[in-house]
Amino acid sequence: MFLSVFDIFKIGVGPSSSHTMGPMVAGGRFLDALRQQPFRAHGLRASLHGSLAFTGKGHATDRATILGLAGFLPETMDAEAAEDTLARNRETRVLSPAGLGDLVFDPVHDLIFDYDRPLPGHANGMILMATDAQGDVIFQEIYYSIGGGFVMTEAELAARGDDTRTDAAPKVPYPFASAAEMLEMAQKSGKSIARMKRENERVYRSDAEISAGLNRIWQVMRDCMDRGLATRGILPGGLSIRRRAAAIHEALKAEAGMNLTAPHVINDWMSMYAMAVNEENAAGGQVVTAPTNGAAGVVPAVIRYWLDHVPGASERQLDDFLLTAAAIGGLIKHNASISGAECGCQAEVGSASAMAAAGICAVMGGTPEQVENAAEIALEHHLGMTCDPVKGLVQVPCIERNGLGAIKAVSAASLALRGDGQHFVPLDAAIETMRQTGRDMSDKYKETSLGGLAVNVPNC
């Protein structure tokens with residue numbers, strides 16, 4: 001099994017990897033397919049299903065769908081050009097993707113939120129259509145946004161089959177598909193998890209390309225955090241949620257020279273770092289999926305904590321942190337899910353916390369066994385967590401939840417480092433438990449805003 005570190009950490013835009021980035025990627029794929037057709041389309045149409053319908057407006061899925069059909073991609077999107085395109089579409093009811101000419105797309109009539117008809121493949125389903133001059137559909141494709149910015153067509157999902165763990169991976173030297181296999185390979189090779197992960201990456205990229213890509217990932221993470229720490233105001237969406245990270249940062253800096261600061265205040269630093277990222281995500285800023293947008297604050301918060309507060313920490317070890325975290329994220333995605341619409345928030349913040357715990361454990365000298373233990377502790381104590389965003393926005397409880405996920409990650413790594421790596425619950429068991437729990441969880445608690453906090457907190 002092989003998922004690249006750059007599959008787990010993707011540069012994109014907020015507020016949601018499954019509801020914003022995924023539909024945008026699907027739009028790009030649909031345009032590519034449409035360019036291959038022998039006919040010329042006259043218009044475009046899109047219908048959103050399941051979680052994409054129920055929380056799509058709060059997650060900006062409508063905007064993302066339009067931008068995807070206009071030819072924008074998450075990693076390269078220019079915010080000003082995107083706003084110009086949306087404004088022009090509202091005025092003209094036309095989109096003009098490259099190579100396809102002007103295509104009619106009226107966002108009022110051609111973007112359908114279908115609340116009644118979920119698609120069978122995944123909770124995040126969408127149908128993209130091309131129409132002729134009479135408005136009849138002449139070409140269509142079903143896409144599923146399966147979490148973390150990953151998109152599959154209906155045919156691709158069917159080919160994968162019911163068993164999400166089917167191994168169609170390319171040949172890499174350490175193709176671990178479970179934590180048990182990972183530990184066995186580490187023991188036999190004498191290599192760290194990060195070293196094995198890097199050697200797998202080398203099949204496709206040079207060391208220089210790997211390091212440059214990881215540096216770019218961290219730079220985007222840090223820039224996002226710094227913007228969040230410097231920006232005040234009210235988040236968009238109608239809940240009137242105040243940005244808090246900047247004010248907390250000012251207060252913490254003012255207290256930094258005081259000798260009577262309580263030890264638990266370090267938790268405020270970790271929460272603040274994570275909240276800064278997720279406030280930027282909620283505002284539609286550039287973020288890195290880690291492994292999703294809704295959980296984007298956990299890993300960078302733990303990295304920032306480690307770099308700025310742990311003696312001896314060095315950016316020279318950042319590659320090892322990110323590679324180790326990606327190895328754990330890949331196992332979770334391969335054997336369960338990183339999608340809140342599929343398994344609730346245990347799959348998002350829970351996965352991110354496990355990844356961050358593994359990363360910091362590794363750079364603080366943990367053995368592969370201790371790293372696996374750290375990831376297991378963090379994931380185990382997110383099991384059962386629901387995804388119930390108020391008003392469908394990636395704000396409440398998502399922003400604070402990232403802060404607590406970061407704190408749990410550091411605590412999990414610390415506990416693991418106090419042991420020898422031997423523990424009762426294997427990481428594989430925690431991942432399988434998460435998968436089963438997600439399967440059994442009511443759809444009300446899986447990113448539909450039909451249950452939990454979403455219905456018990458006034459949001460209008």
Side-chain angles (χ1 to χ4, degrees), residues 8-24 50-52 54-61 64 74 122-124 145-150 221 224-225 228 235-237 239 241 271 273-302 329 332-333 336-356 379 382 385-406 408-409 434 438 441 445-449 452-454:
I8 300 299
F9 297 114
K10 298 188 185 78
I11 297 170
V13 293
S16 171
S17 49
S18 59
H19 289 58
T20 312
M21 290 173 60
M24 205 179 296
S51 179
L52 291 185
F54 284 109
T55 60
K57 291 182 179 178
H59 284 56
T61 308
H122 191 277
N124 292 329
S145 180
I146 62 173
F150 289 90
M221 285 179 171
C224 175
M225 188 183 297
L235 292 170
L239 288 181
I241 300 298
S271 291
Y273 292 142
M275 290 168 63
V277 172
N278 283 86
E279 286 174 357
E280 276 296 292
N281 177 65
Q286 187 180 55
V287 298
V288 175
T289 63
T292 65
N293 285 27
V298 177
V299 169
V302 173
I332 296 172
K333 184 184 186 311
S337 176
I338 56 171
S339 168
E342 196 168 28
C343 285
C345 199
Q346 58 175 354
E348 296 208 25
V349 171
S351 298
S353 189
M355 291 165 59
L379 184 60
H382 284 89
M385 181 175 281
T386 62
C387 181
D388 51 353
V390 177
K391 203 178 178 182
L393 298 167
V394 194
Q395 297 179 17
V396 180
C398 323
I399 294 170
E400 286 181 355
R401 188 168 283 176
N402 274 256
L404 275 294
K408 282 187 183 181
M434 186 185 81
M441 188 182 289
Y445 304 112
K446 293 192 286 191
E447 210 168 1
T448 59
S449 292
L453 286 175

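- Looking at K446 and S51, their side chains never come closer than 4.5 Å, going by heavy atoms from C-beta outward.
- Between G438 and Q346, the shortest heavy-atom contact is N-NE2, 3.4 Å.
- With hydrogens and angles ignored, the 3.5 Å screen pairs no side-chain donor or acceptor of D388 with any backbone N or O of A454.
- Residue pairs satisfying the salt bridge (charged side-chain N to carboxylate O under 4.0 Å, His left out) criterion with at least one member in residues 289-300, sequence neighbours excluded, are absent.
- Applying the ring-ring contact (aromatic ring centres under 6.0 Å, His included) test to F54 and every residue at least two apart in sequence or in another chain returns Y115.
- Side-chain atoms of I8 and M355, non-hydrogen and from C-beta on, do get closer than 4.5 Å to each other.
- When side chains are defined from C-beta on, I11 counts as touching Q286, because their heavy atoms get closer than 4.5 Å.
- Scored by the salt bridge (charged side-chain N to carboxylate O under 4.0 Å, His left out) test, K10 finds no partners at all (sequence neighbours excluded).
- For V13, the side-chain contact (heavy atoms from CB on, under 4.5 Å) partners at least two apart in sequence or on another chain are T20, M24, M77.
- Using a distance-only test at 3.5 Å, with no hydrogens or angles considered, no donor-acceptor pair links the side chain of S145 to the main chain of N124.
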Which is it for M434 and S351 under the side chain to side chain contact (heavy atoms under 4.5 Å, CB included) test, yes or no, and what are the steps along the way?
CA-CA 10 Å; M434 186 185 81; S351 298; 4.3 Å; yes
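- Listed by chain and residue number, S16 satisfy the side-chain hydrogen bond (donor to acceptor under 3.5 Å, both in side chains) test with S18 (two or more places apart in sequence, or in another chain).
- Atom OG1 of residue T289 and atom CE of residue M21 lie 5.0 Å apart, to the nearest 0.5 angstrom.
- Counting only heavy atoms from C-beta outward, the side chains of N293 and V394 never approach each other to under 4.5 Å.
- The salt bridge (charged side-chain N to carboxylate O under 4.0 Å, His left out) analysis of residues 11-22, with sequence neighbours excluded, yields no pairs.
- With values rounded to the nearest 0.5 angstrom, L393 atom CG is found 5.0 Å from L239 atom CG.
- Of the possible polar contacts, none joining the S339 side chain to the G147 backbone as a donor-acceptor pair under 3.5 Å is found.
- With contacts defined as side-chain heavy-atom distances shorter than 4.5 Å, the pair I399/L235 qualifies.
- In this structure, the side-chain contact (heavy atoms from CB on, under 4.5 Å) partners of P389, at least two apart in sequence or on a different chain, are H59, C387, C398, S449.
- Taking 4.5 Å as the limit, every side-chain heavy atom of E342 sits out of range of all side-chain heavy atoms of I146.
- No donor-acceptor pair under 3.5 Å is formed between the side chain of N278 and the backbone N or O of Q395.
- No side-chain heavy atom of I241 sits less than 4.5 Å from a side-chain heavy atom of E279.
- Under the salt bridge (charged side-chain N to carboxylate O under 4.0 Å, His left out) criterion, the residue pairs touching residues 280-294 are R227-E280, R243-E280, with sequence neighbours excluded.
- For T292, the side-chain contact (heavy atoms from CB on, under 4.5 Å) partners at least two apart in sequence or on another chain are S17, A295, I338, E348.
- The SG atom of C343 sits 7.5 Å away from atom CE of M441, with the distance rounded to the nearest 0.5 Å.
- The nearest pair of heavy atoms linking V349 to N402 is CG2-ND2, 4.0 Å.
- A409 pairs by the side-chain contact (heavy atoms from CB on, under 4.5 Å) definition with V302, S353, A356, A357, not counting sequence neighbours.
- Shortest non-hydrogen contact noted between P23 and L52 is CG-CD2, 4.4 Å.
- With contacts defined as side-chain heavy-atom distances shorter than 4.5 Å, the pair C345/R401 qualifies.
- When all heavy atoms of A123 and A341 are compared, the pair lying nearest together is CB-O, 3.4 Å.
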